[in-house]
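I have a structure here, written as structure tokens, and I will follow up with some questions on it.
What you see is a predicted model, and the numbers here were worked out from it, not measured in a lab. Each chain gets a letter, A, B and so on, in the order its sequence line appears, and its residues count up from 1.
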Amino acid sequence: MAEPQKQKREEKQGLPELPLALANGEKVVMRFAPNPNGAATLGSARGIVVNSEYAKKYGGKFILRFDDTDPVVKRPLLEAYDWYLEDCAWLGAEPDEVVVASERLELYYKNAEELLKRGVAYVCFCPADVFKAYKDRKRACPHRAASVEENLESWGKMLGGGYDEKEAVLRIKTGMELEDPALRDWVAFRILKREHPRASVGRRFVVWPNLDFESAVEDHLLGVTHIIRGKDLMKSEKRQRFLYDHLGWNYPETTHWGRIKVQEFGKFSTSELRKRIERGEYEGWDDPRLPTLRALRRRGFQPEAVRKFFLSLGVSQTDIAVSLKNLYAENRKAVDALASRYFFVRNPKEMRLKAGKGGSFPLVARALKHPSRRADYREIRTGGDAVLISGDDFAKLREGEKIRLKFLCDVEIESVKPLIAKVVGSGSCTETTAKDFQIIQWAPTPAANGIKVAVKKPNGSEDEGVSEPLISEELGNVVQFERYGFVRIDSVLKEGREVVAYFTH
RNA sequence: GCUCCGGUAGUGUAGCUCGGCCAAUCAUUUCGGCCUUUCGAGCCGAGGACUCGGGUUCAAAUCCCGACCGGAGCACCA
């Protein structure tokens, strides 16, 4: 008797079930439909991840569709088309089909013509403000009463470039007396005499569909069964339903989610990012300060962490402000096992070593590459009688204090002003456990074989320091700088003598 | 102004459709402890929420009404 309940709980682990009202043998078809007017952001990632996840869950199809029908206000960026494909692949969401709206305008024209023939659309010549006045008074404008023939003629003239921009639009008849003003006779096509960035489209067309029309027609043509989109598009559904009714189509199931704000990034829009990048405020779309997927990838985030992060947000309709801490937590789990450990000292300070009783200096440290892989070592050679420690650790040192240079030896601080430390005991650190004193990381001096490292951080600042020689062999990998954080080795310069890393978290 | 939609811990989230198994789930964060040659990972423990007010009912986070708060649309943007 108690069985069914338990089962219910288990099932609720992933995303909620979609409402399934599919005909026999019909497959779930999901789509993600961005405007490629910039690189995919965290917001886009949610769409990619959730839609593709549902497609996977039900053994359905995932379509990537570029809604790029605004060559003016939200002009597409040519490179962004490929970037989206890369980002999808990176997120494990390779689309089963890719559709570019700007190359399918003729399909939309055909549907427009059909609507005109059925008398449920008309060419309207009202200036925007004049129409708004009619709309606010729930009155029809004179053009609404035009005959099918007149409309078809006007439409033909529109397509042929016979009107200027803003001179005419095509409207869908929904009813001027509708309660909700947002639904009254909405615009389906407008005139834009501007070249489209895609060479294959160029200047071939002057009549462009608006999102509501383009998206509605495409969803039907592509056989989309479920739409998940922002709740800012709720009215879109209502507008589009009139179109579906006019044409006798069945509207897909819809789910709307709320706005997502990432606390660390605040509000941002793709258009805004683009403006700033073009102004040179950022290095590019993968600048570590930006909330783009390209930037996250460069910082060393793992795709499965990004996926889990978005799946955990679900599809609720409330607006949310999430912290990246949740993403960091996921990524830490993903990256911890594969990141080798290295020492990095920020704002290095040289520590002179004085030989202890044994009379010699420890020259080589055998250090674990990973705390849970006990047989995996890396060697770090010191230059002899000096090492570097971080400025932060230096600031806390006091005379007479004992500390451990991890994997190398224990030392006692003799003096701080010139930093001098005496090697304690036999010059190794394997015999005693360091319960009662601090263990710090260190690095060889650049004069020995230390490597200069610049770490670029997401707040735009840069940390300078020194690390071990072996990191120059970690190009492209995520490593952990002990007691500092995870970083991705982004570039190796000057024949391996210098490294640039991006801070992950 | 008109029209939609939402409101569970610091942050997300489950539960709400079909009221009782909910003195409310899970994750993250915070705070303790264990372990550890990292301020990493892991393990253990603790704290913390149903916006408010009415109503229906034996019983309400769940249903109804109202208030309050928040968001969105009313573009020849997506």
*When you measure from the side chain of A/Glu468 to the backbone N and O of A/Ile380, does any donor-acceptor pair fall under 3.5 Å?*
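Pair absent, no side-chain N/O of A/Glu468 close to backbone of A/Ile380.
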*Given B/A14, B/U36, B/G40, the nucleotide with the shortest approach to the side chain of A/Pro371*: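 Shortest atom-to-atom distance from the side chain points to B/G40.
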*Establish whether the base of B/U3 is bridged to the side chain of A/Lys235 by a donor-acceptor pair shorter than 3.5 Å.*
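Under the 3.5 Å cut-off, the side chain and the base do form a donor-acceptor pair.
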*When you get a sec, tell me which of B/C2, B/C76, B/U37 is the closest nucleotide to the side chain of A/Lys166?*
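Within the option list, the nearest is B/C76.
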*Please determine, for the side chain of A/Lys333, which listed nucleotide (B/A27, B/G73, B/G40) has the closest atom?*
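Selected nucleotide: B/A27.
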*Which dot-bracket string fits RNA chain B when only Watson-Crick or G-U wobble pairs with both atom distances under 3.5 Å count, crossing pairs get [ ], and | stands for a partner on a different strand?*
(((((((..(((.......[.....))).(((((.......)))))....(((((..]....))))))))))))....
*In whole angstroms, how far is the P atom of B/U29 from the CD atom of A/Glu330?*
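Rounded to whole Å, this separation is 10 Å.
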*Heavy atoms under 4.0 Å, any strand shown: does A/Leu313 hit a base, just sugar-phosphate, or nothing?*
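Since only primed, P, OP1 and OP2 atoms lie under 4.0 Å of A/Leu313, the category is sugar-phosphate.
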*Select base, sugar-phosphate, or nothing to describe what A/Gln480 touches, counting heavy atoms under 4.0 Å on all strands.*
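Base contact.
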*Can you check side-chain contact (heavy atoms from CB on, under 4.5 Å) on A/Ile403 and A/Val411, steps first, answer last?*
CA-CA 6 Å; A/Ile403 58 167; A/Val411 298; 3.6 Å; yes
_Whole-Å gap separating C1' (B/A75) and CD1 (A/Ile172)_ =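 My rounded result for the distance is 16 Å.
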*Can you tell me how far C1' in B/G70 sits from the matching atom in B/G33, rounded to whole Å?*
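Going atom to atom, C1' in each nucleotide, I get 41 Å.
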_Residue A/Pro181, side-chain atoms from C-beta onward, closest of B/U3, B/U38, B/C77_ =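 The answer is B/U3, which lies nearest to the side chain.
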*asked:* Are A/His143 and A/Tyr122 an aromatic pair, judged by ring center distance below 6.0 Å?
replied: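 Here the rings of A/His143 and A/Tyr122 have centres that are no less than 6.0 Å from each other.
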*With heavy atoms under 4.0 Å as the rule, sort A/Tyr328 into base, sugar-phosphate or nothing.*
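Nothing: the residue A/Tyr328, judged by heavy atoms under 4.0 Å, touches no strand.
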*Looking only at side chains, do A/Asn459 and A/Ser461 share a donor and an acceptor under 3.5 Å apart?*
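Side-chain D/A pair, A/Asn459 to A/Ser461: present.
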_For atom CG of A/Asn331 and atom C1' of B/G40, their distance in whole Å_ =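 Nearest whole value for this atom pair: 13 Å.
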*Phosphate oxygens OP1/OP2 of B/A41: is one of them under 4.0 Å from a side-chain N or O of A/Arg332?*
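Yes, A/Arg332 has a side-chain N/O under 4.0 Å of OP1/OP2 on B/A41.
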*Sticking with atom P, work out how far B/C50 lies from B/U29, rounded to a whole angstrom.*
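Looking at atom P only, B/C50 and B/U29 are 23 Å apart.
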*Are A/Tyr342 and A/Glu474 linked by a side-chain donor-acceptor pair shorter than 3.5 Å?*
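Judged by distance alone, the side chains do pair up.
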*Nearest whole angstrom, please: distance from the P of B/C76 to the CZ of A/Phe213.*
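Nearest whole value for this atom pair: 16 Å.
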*Can you tell me how far C1' of B/C77 sits from CG of A/Leu192, to the nearest Å?*
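The distance from CG of A/Leu192 to C1' of B/C77 comes to 11 Å, rounded to the nearest Å.
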*When you get a sec, tell me which of B/U28, B/C76, B/C74 is the closest nucleotide to the side chain of A/Arg171?*
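Looking only at heavy atoms from C-beta outward on A/Arg171, the closest nucleotide is B/C76.
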_When you measure from the side-chain N and O atoms of A/Asn210 to the phosphate of B/A75, is any distance below 4.0 Å, counting only OP1 and OP2?_
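Answer no for this pair, as no side-chain N or O of A/Asn210 is under 4.0 Å from OP1 or OP2.
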*Using heavy atoms to find the nearest nucleotide of RNA chain B for A/Arg184 and A/Ala128 separately, return the residue whose nucleotide is more 5′.*
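Residue closer to the 5' terminus by nearest nucleotide: A/Arg184.
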*Would you indicate whether A/Arg381, at its atom CZ, is surrounded by more than 12 heavy atoms from other residues, nucleotides or ligands within a distance under 6.0 Å?*
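Open: at most 12 neighbouring heavy atoms sit under 6.0 Å from CZ of A/Arg381.
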_Does a side-chain N or O of A/Thr69 approach OP1 or OP2 of B/A78 to a distance below 4.0 Å, or not?_
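Yes.
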*On a whole-Å scale, what distance lies between the P atoms belonging to B/C35 and B/A49?*
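Per the computed distance, 32 Å lies between those P atoms.
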*Any side-chain N or O of A/Lys135 under 4.0 Å from OP1/OP2 of B/A75?*
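Yes.
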*A/Glu218 side chain to A/Tyr108 side chain, donor-acceptor N/O pair below 3.5 angstrom*: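 Looking only at side-chain atoms, A/Tyr108 and A/Glu218 do form a donor-acceptor pair, the distance falling under 3.5 Å.
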*With sugar-phosphate meaning primed atoms plus P, OP1 and OP2, does A/Val169 contact a base, only sugar-phosphate, or nothing at under 4.0 Å between heavy atoms?*
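Base contact.
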*Please figure out whether A/Ala321 or A/Ser372 has its closest RNA chain B nucleotide nearer the 5' end.*
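With A/Ser372 and A/Ala321 compared, the 5'-side residue is A/Ala321.
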*asked:* Side-chain N or O of A/Arg229 versus OP1/OP2 of B/A78: is the shortest distance under 4.0 Å?
replied: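 No.
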*Candidate nucleotides B/C77, B/U28, B/G73, ranked by approach to the side chain of A/Asp180 - the nearest*: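 Of all the options, the side chain of A/Asp180 is nearest to B/G73.
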_For A/Thr69 against A/Ala101, the heavy-atom pair lying closest together_ =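 Looking at all heavy atoms of both residues, the closest pair is CG2-CB, 3.9 Å.
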*side-chain contact (heavy atoms from CB on, under 4.5 Å), paired with A/Trp442, selected from A/Leu388, A/Leu408, A/Asp393*: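 Among A/Leu388, A/Leu408, A/Asp393, the one that satisfies the side-chain contact (heavy atoms from CB on, under 4.5 Å) with A/Trp442 is A/Leu408.
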*Given atom CZ of A/Arg239 and atom P of B/A78, what is their separation to the nearest angstrom?*
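Result: 11 Å.
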*Interatomic distance where CG belongs to A/Leu311 and P belongs to B/A27 [whole Å]*: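 So the two atoms are 16 Å apart, to the nearest Å.
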_What's A/Leu178 touching, base or sugar-phosphate or nothing? Going by heavy atoms closer than 4.0 Å._
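Nothing: the residue A/Leu178, judged by heavy atoms under 4.0 Å, touches no strand.
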*Pairwise C1' distance, B/A59 and B/A23 [rounded to whole Å]*: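 One C1' to the other, the span is 15 Å.
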*asked:* Counting only side-chain heavy atoms from C-beta out, which of B/C77, B/C4, B/G40 sits nearest to A/Val73?
replied: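 Output: B/C77.
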*Rounding to the closest angstrom, what is the interatomic distance between B/U11 and B/G1 at atom P?*
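Pairwise P distance, B/U11 against B/G1, rounds to 29 Å.
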_Distance check, P atoms only: B/C5 and B/C21, in whole angstrom units._
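B/C5 and B/C21 have their P atoms separated by 30 Å.
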*Among the candidates B/C77, B/G7, B/C76, find the nucleotide nearest to the side-chain atoms of A/Thr318.*
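Comparing B/C77, B/G7, B/C76 against the side chain of A/Thr318, the answer is B/G7.
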*Out of B/C77, B/G40, B/C74, which has the shortest distance to the side chain of A/Ala182?*
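Ranking B/C77, B/G40, B/C74 by closest atom to the A/Ala182 side chain puts B/C74 first.
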*Report which part of the nucleic acid A/Asp232 touches: base, sugar-phosphate, or nothing (heavy-atom distance under 4.0 Å, all strands).*
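The answer is base, as A/Asp232 lies within the cut-off (heavy atoms under 4.0 Å) of a base atom.
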*Should A/Arg404 be listed as having a side-chain N or O under 4.0 Å from OP1 or OP2 of B/U36?*
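Indeed not, no polar side-chain atom of A/Arg404 lies that close.
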_To check you understand the geometry: which heavy-atom pair defines the closest contact between A/Lys173 and A/Asp185, and what is its length?_
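It is CA-OD1, 3.4 Å.
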*asked:* Heavy atoms from C-beta onward define the side chain here; which of B/G70, B/U11, B/G40 lies closest to that of A/Lys231?
replied: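 Closest nucleotide among those given: B/G70.
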*Span that lies between the P atom of B/C58 and that of B/C16, in whole angstrom*: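 To the nearest whole Å, 24 Å.
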*Which whole number of Å gives the distance between the C1' atom of B/C22 and that of B/G10?*
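Their C1' atoms lie roughly 23 Å apart.
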*asked:* Between the base of B/U11 and the side chain of A/Gln263, is there a donor and acceptor pair under 3.5 angstrom?
replied: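 No, no donor-acceptor pair under 3.5 Å.
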*Cation-aromatic face contact A/Arg346/A/Phe481, 6.0 Å, 45 degrees*: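 The answer is no; the distance or angle limit is not met.
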_Between P on B/U17 and CD on A/Glu253, what's the gap in Å once rounded to a whole number?_
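Interatomic distance, CD of A/Glu253 to P of B/U17: 19 Å.
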*Is there a side-chain polar atom (N or O) of A/Ser323 under 4.0 Å from OP1 or OP2 of B/G12?*
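Answer is no, no contact under 4.0 Å.
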*Using the ring of A/Tyr134 (Phe, Tyr or Trp, six-membered ring only), decide whether A/Arg144 places NZ or CZ under 6.0 Å from its centre and within 45 degrees of its axis.*
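The answer is no, since A/Arg144 fails at least one limit relative to A/Tyr134.
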*OP1 or OP2 of B/C76 less than 4.0 angstrom from a side-chain nitrogen or oxygen of A/Lys74, does that happen here?*
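For B/C76, OP1/OP2 do not have a side-chain N/O of A/Lys74 under 4.0 Å.
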